Amino acid sequence: MLRFDVHQHLWSAPLVAALERRAEAPRIRREGLRWRLDLPGEPSCGIDVDGDDPDRRAGLVCVDGLDRALIAPSPALGAARDVLDAYHAGCAELPETFGAWGALDHRTAVPGDVDALLGAGFAGVCLPSNALASPAALDRVGPLLECLERRGAPLFVHPGGGSNEPGAPAWFTALTDYVTGMHTAWHAFAAAGRPAHPRLRVLWAMLAGGAPLHAERLAARGGPASAVLDHDSFYDSSSYGFELIEATARVVGLNQVVHGSDRPVLAPVTAPLGPEAWHAMTVRAPAALLGTRAAVTMAAPIAATSSSLAT
């Protein structure tokens with residue numbers, strides 16, 4: 001069986017070109033010999049565009065001891081049509097080592113957009129955490145989730161943008177807005193999303209910010225603490241190491257924890273719990289998460305998608 005990394009990002013040539021053409025955030029720009037990324041609501045940061053060659057990155061998948069990696073959009077880039085089109089175009093050019101998550105503007109997308117992404121070969125659809133931030137928000141994206149559920153394709157919930165607090169250090173958004181957003185989305189889904197979508201498989205980035213570890217408090221407050229036993233919720237390990245991965249696995253079960261490196265944003269943590277757990281995180285859990293969509297990631301290259309997906 002294939003060994004997966006379910007969460008990577010990649011600065012493809014079409015995506016870089018689209019972001020370089022933009023006059024305002026989200027955009028990238030040259031700063032001497034370096035590139036800088038400007039995001040709405042977050043501090044500017046340096047990125048290694050030149051070192052992000054797809055063939056080189058495919059080699060790193062093998063170096064990590066894996067067979068396949070799924071490229072994800074960054075919701076922090078927003079949902080402008082030119083950015084989403086460029087992301088999808090870059091995915092269509094990836095080496096066969098890669099699959100990808102589809103991206104769309106959840107505020108305007110319709111189920112036909114989900115069908116188009118799945119038909120083009122994407123493993124599932126990625127939505128920002130703020131798209132699931134309340135029962136009302138879940139109701140608004142309900143038709144998209146129903147389509148994923150009907151098609152047997154997973155949803156990937158990824159942190160969205162930040163608030164760019166004045167004077168905050170570079171790491172501040174990742175430890176505040178991102179964690180809070182994932183906590184909020186996880187609890188909203190436990191309250192309203194799972195009852196409405198009982199068979200939808202969901203992947204939570206960054207271990208849902210540790211949300212399952214609050215099950216005791218959730219129970220004490222009268223909430224659905226049984227959400228931690230949800231066998232259709234999976235948790236990628238991006239940005240965390242031994243301590244929180246082990247703690248999460250104790251609560252939700254190791255078969256619900258999936259390896260997601262967040263490469264190249266972060267250096268991957270490999271086999272943090274030992275070889276048997278590594279097999280579970282890279283083989284068993286991804287197979288359960290992707291279901292029949294796992295075969296799609298081994299099939300023909302991702303097809304180009306219509307710009308209507310970003311409308």
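Being a predicted model, the structure only gives us computed values, none of them experimental.
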request  = Say whether, by atom type as modelled, one donor and one acceptor occur between the side chain of D48 and the main chain of G51 under 3.5 angstrom.
outcome  = yes
task = State which residues pass salt bridge (charged side-chain N to carboxylate O under 4.0 Å, His left out) with R107; sequence neighbours excluded, sorted by chain then number.
result = D105
ask   = Mind checking what makes salt bridge (charged side-chain N to carboxylate O under 4.0 Å, His left out) contact with R30, not counting sequence neighbours?
value = D50
task = State, to 0.1 Å, how close P159 and M182 come at their nearest heavy-atom pair, and which atoms those are.
result = N-SD, 3.7 Å
ask   = With sequence neighbours left out, what residues match H259 under ring pair (Phe, Tyr, Trp, His ring centres under 6.0 Å)?
value = W278
Which pairs of donor and acceptor atoms, one on a side chain in residues 243-255, lie under 3.5 Å apart (sequence neighbours left out)?
from, atom 1, to, atom 2, distance (Å)
T248, OG1, L244, O, 2.8
N255, OD1, R284, NE, 3.2
N255, OD1, R284, NH2, 3.1

query = Among all residues two or more places apart in sequence or in another chain, which pass the side-chain contact (heavy atoms from CB on, under 4.5 Å) test with P26?
reply = L19, R22, L39, P40, L77, V83
remark   = Looking only at heavy atoms, the pair that brings F122 and G102 closest together is CD2-N, 3.4 Å
message = Minimum heavy-atom separation for D55 and D53, please, with both atom names.
response = N-OD2, 3.1 Å
task = Could you tell me whether H231 atom NE2 has more than 12 heavy atoms of other residues or ligands within 6.0 Å of it?
result = no
key: Set of residues satisfying ring pair (Phe, Tyr, Trp, His ring centres under 6.0 Å) with respect to H214, sequence neighbours excluded   = H183
message = Check whether R263 reaches the backbone of P268 with its side chain - one donor and one acceptor, N or O, closer than 3.5 Å.
response = no
ask   = For A227, which residues count as a side-chain contact (heavy atoms from CB on, under 4.5 Å) partner, sequence neighbours excluded?
value = W186, A190
note = What one should report as the nearest heavy-atom pair of P272 and F242 is O-CD1, 3.2 Å
request  = I would like to know whether F4 and V258 meet side chain to side chain contact (heavy atoms under 4.5 Å, CB included); could you show each step before the answer?
outcome  = CA-CA 9 Å; F4 276 87; V258 188; 5.9 Å; no
request  = Go through the structure and list residues passing salt bridge (charged side-chain N to carboxylate O under 4.0 Å, His left out) with D177, not counting sequence neighbours.
outcome  = none
key: Under the side-chain contact (heavy atoms from CB on, under 4.5 Å) test, residues paired with R221 that sit two or more places apart   = R217
Pairs involving residues 153-162, ordered by first then second residue, that meet side-chain hydrogen bond (donor to acceptor under 3.5 Å, both in side chains) (sequence neighbours left out) = H7-H158, H9-H158
Distance-only donor-acceptor hits, side chain of residues 146-156, under 3.5 Å, sequence neighbours excluded:
from, atom 1, to, atom 2, distance (Å)
E149, OE1, H197, ND1, 3.4
E149, OE2, R199, N, 2.7
R151, NH1, D115, OD1, 2.8

Minimum-distance pair of heavy atoms, taken over all atoms of P128 and P75 = CB-CB, 3.6 Å
request  = Please assess L218 against V228 for the test side chain to side chain contact (heavy atoms under 4.5 Å, CB included), listing each intermediate value before the final yes or no.
outcome  = CA-CA 10 Å; L218 182 59; V228 299; 6.0 Å; no
inquiry  = If the condition is salt bridge (charged side-chain N to carboxylate O under 4.0 Å, His left out), which residues does R201 pass it with, not counting sequence neighbours?
reply    = none
query = Is the number of heavy atoms from other residues, nucleotides or ligands within 6.0 Å of CD (E216) greater than 12?
reply = no
message = Could you report the tightest heavy-atom contact between L84 and A103, atom names first, then the distance?
response = CD2-CB, 3.8 Å
